[in-house]
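Side chains are part of it too, since the values below use all heavy atoms of this structure and drop only hydrogens, waters and symmetry mates. Chain identifiers are assigned alphabetically (A, B, ...) following the order of the sequence lines, protein sequences preceding nucleic acid strands; residue numbering begins at 1 within each chain. Since this is a predicted model, take the numbers as computed values, not measurements.
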Amino acid sequence: MFLFASGRPIACRSYPLLKRSYTNLSVQQLQALLGKNESNPRITHQLHSHFITAGLLLLHQKQNSGKLLLFNPLLRCYSLGETPLRAYLLYDQLQQLHFFSDHEKRLPPFDSFTYLFLIKTTSNPRFLYPMLGIGIHGLTLKLGFEFNVYVQTALVGMYLVVGNRVDAYKVFDEMPERSSTALVGMYLVVGNRVDAYKVFDEMPERSSVTWNVIITGLTNLGEFEKAIFLLEKMPNRTVVSWTTLIDGYARVNKPKEAILMFWRMVACDAINPNEITILAILPAVWSFGDLSMCGSVHGYVVKTGFVPCDIRVTNSLIDAYAKCGCIQSSLKFFMEVPNVRKNLVTWTTMISSFAMHGMGKEAVNIFKDMERLGLKPNRVTMISVLNACSHGGLAEEEFLEFFNKMVSKYKITPDVKHYGCLVDMLRRKGRLEEAEKIALEIPSDQKAVVWRMLLGACSVYDDPEMAERVTKKLMELERGHGGDYVLMSNIFCGTGRFTDAQRFRKLMDVRGVAKLPGHSQVT
DNA sequence: ATAGGGTTAG
């Protein structure tokens, strides 16, 4: 993936072709580009590719003690993104490259930034080897970065992610230069409100980030009264302070309080919401069902220019209109967005909006428009389409056409949710034989789940013959699931075949299976 | 360039 030969980096075939030219940009411009697109893995990847081919990856300022100008920002992007492993590999390759080059015996040109981002890599929940963080901790000690407050703050966070709380305390305890903000944050994450509050209270000076850290921590712990108490005491409230509480209330399903916070922010502090505030308030707006407020948020968002900038705001608004019951506004807004700005989520949102309104045909048309533009649906898109078909009164042939297309054309392996849609559709149609035929063709690892769904469908339609066949199939696959026996015997009871029912109950006792407390597989 | 809030289904 990251190939280097004879000390010189070379490009690798797996990199995507550059769609735009980065060749004339200065180092500062490239840095800014990385910072702006930190959440866009494609651009990160393209820039990485460019750095390698143009020999910029190891570019460093000679007069400034050899700091890496583009390597660290690149590391940061990968560490925060979807593939933190790339960050680790990037670091590892450079380290080995340095090790094998014989002209220098000194340590690699890594600085505190490198290790800070490396620690963040290991605390990223997507990173599969969090224990590597402990080794990196050792490195920072060896290299003398233990006096860097940022590095240590990241270390504390890392240990909390790894679950090693004792070490988190220990690292903090040995910090020579304590950042009170970090201490407050750490206590909050650990759940130690009293100590966090005490430290916070004794701080000689607090930055706005300090305030926001404690407000966020209290909100996440559900301590809304204390969070608001601090919010009111805070000297210079920022958008973040308010947004934290708005989001917190929306998440615990208290839309009224969230909306109240929103108005207080605007009225008391004359602070304008930003994109993230909008994303936080919209779920509150639709769960409160306030269509008129949906419209005023829309107006505000258009006026401030968030709409042409942030596609997520657009998507969230389309969704909010649909969930407030106004599919017309949803569609109108969707149509106003130029196709070049729409991303996969935009299309998926519109399809699921039609699905929740039972408008199957319209959903399918949107899906076909999307296909015509050459976009490839993902798992979520397909769930929405399939849902739209079964809820929107479409023929089962059409449903099955989409299902097959998903597998053959788009190479998406159906999971439990897709099969859930399938069984749901067939149940609505009462076509259980069809379902049985399909179930026979399903790949092995998912089989049991699907057969079990079918068994559930049989019990609704009182089809004991088929239920028996399905149960037999289930017995072949796995013998130990007690719920199947119970369901089967219930079906026989329901149709008056009590001896058959008893037969299954007995079989259950003989095989020594117990019925576990029930939980639904279909959600 | 470094700590704080983040779109779609179920």
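- Under 3.5 Å, the side chain of Asn274(A) and the base of dG5(B) form at least one donor-acceptor pair of N or O atoms.
- Contacts between residues 353-381 of chain A and DNA chain B, defined by a heavy-atom separation below 4.0 Å, involve Val380(A), listed by number.
- If you take CE on Met265(A) and OG on Ser241(A), they are separated by 10.5 Å, rounding to the nearest 0.5 Å.
- Applying the salt bridge (charged side-chain N to carboxylate O under 4.0 Å, His left out) criterion to Lys323(A), with sequence neighbours excluded, gives Asp319(A).
- Take Lys409(A) and apply the salt bridge (charged side-chain N to carboxylate O under 4.0 Å, His left out) test, not counting sequence neighbours, and it matches no residue.
- Contacts classified as side-chain hydrogen bond (donor to acceptor under 3.5 Å, both in side chains) and involving residues 347-367 of chain A (residues at least two apart or in different chains) are given here: Thr348(A)-Thr381(A).
- Side-chain proximity of Asn343(A) to dT7(B), dT8(B), dT2(B): nearest is dT7(B).
- Nearest nucleotide to the side chain of Ser384(A), out of dT7(B), dA9(B), dA1(B): dA9(B).
- Atom CD1 of Ile281(A) and atom P of dG5(B) are 18 Å apart (whole Å).
- For Glu401(A), there are no salt bridge (charged side-chain N to carboxylate O under 4.0 Å, His left out) partners two or more places apart in sequence or in a different chain.
- Of the candidate nucleotides dT2(B), dA1(B), dG5(B), dA1(B) has the atom lying nearest to any side-chain atom of Pro73(A).
- Non-hydrogen atoms lying under 4.0 Å from DNA chain B are contributed by Lys323(A), all within residues 322-342 of chain A.
- Heavy atoms from other residues, nucleotides or ligands lying under 6.0 Å from CG of Asn404(A) number more than 12.
- Closest approach to the Phe113(A) side chain among dA1(B), dT8(B), dG5(B) is made by dA1(B) (side chain taken as heavy atoms from C-beta onward).
- In this structure, the nucleotide among dG10(B), dG4(B), dA3(B) sitting nearest to the side chain of Val240(A) is dG4(B).
- Checking dA9(B), dG5(B), dG10(B) against every side-chain atom of Lys417(A), the shortest atom distance belongs to dG10(B).
- Rounding to whole angstrom units, CD1 of residue Ile271(A) and P of dG5(B) are separated by 17 Å.
- Taking atom CZ of Phe117(A) as the reference point, atom C1' of dA1(B) lies 6 Å away to the nearest angstrom.
- The salt bridge (charged side-chain N to carboxylate O under 4.0 Å, His left out) analysis of residues 345-355 of chain A, with sequence neighbours excluded, yields no pairs.
- Residues forming a salt bridge (charged side-chain N to carboxylate O under 4.0 Å, His left out) with Glu257(A) (at least two apart in sequence, or on another chain): none.
- Closest approach to the Lys120(A) side chain among dA3(B), dT8(B), dG5(B) is made by dA3(B) (side chain taken as heavy atoms from C-beta onward).
- With sequence neighbours excluded, the residues forming a side chain to side chain contact (heavy atoms under 4.5 Å, CB included) with Val252(A) are Phe224(A), Lys254(A), listed by chain and number.
- Side-chain atoms of Gln31(A) lie closest to dA1(B) of the nucleotides dA1(B), dT7(B), dG5(B).
- Residue Ile276(A) contributes atom CD1, which lies 9 Å from atom P of dG5(B) at whole-angstrom precision.
- Taking atom NE2 on His298(A) and atom P on dT7(B), their separation rounds to 19 Å, with Å as the unit.
- Straight-line distance from the CG atom of Leu30(A) to the P atom of dA1(B): 12 Å, rounded to whole Å.
- Rounded to an integer number of Å, the gap from Leu317(A) CG to dT8(B) C1' is 14 Å.
- With dG5(B), dT2(B), dA9(B) as the choices, the nucleotide that has an atom nearest any side-chain atom of Ser352(A) turns out to be dA9(B).
- Here dG5(B) presents its P atom at 12 Å from CG of Leu80(A), a figure rounded to the nearest Å.
- For dG5(B), the base has no donor-acceptor partner in the side chain of Ser241(A) [N/O atoms by modelled type, under 3.5 angstrom].
- Atom CD of Glu336(A) has more than 12 neighbouring heavy atoms from other residues, nucleotides or ligands inside a 6.0 Å radius.
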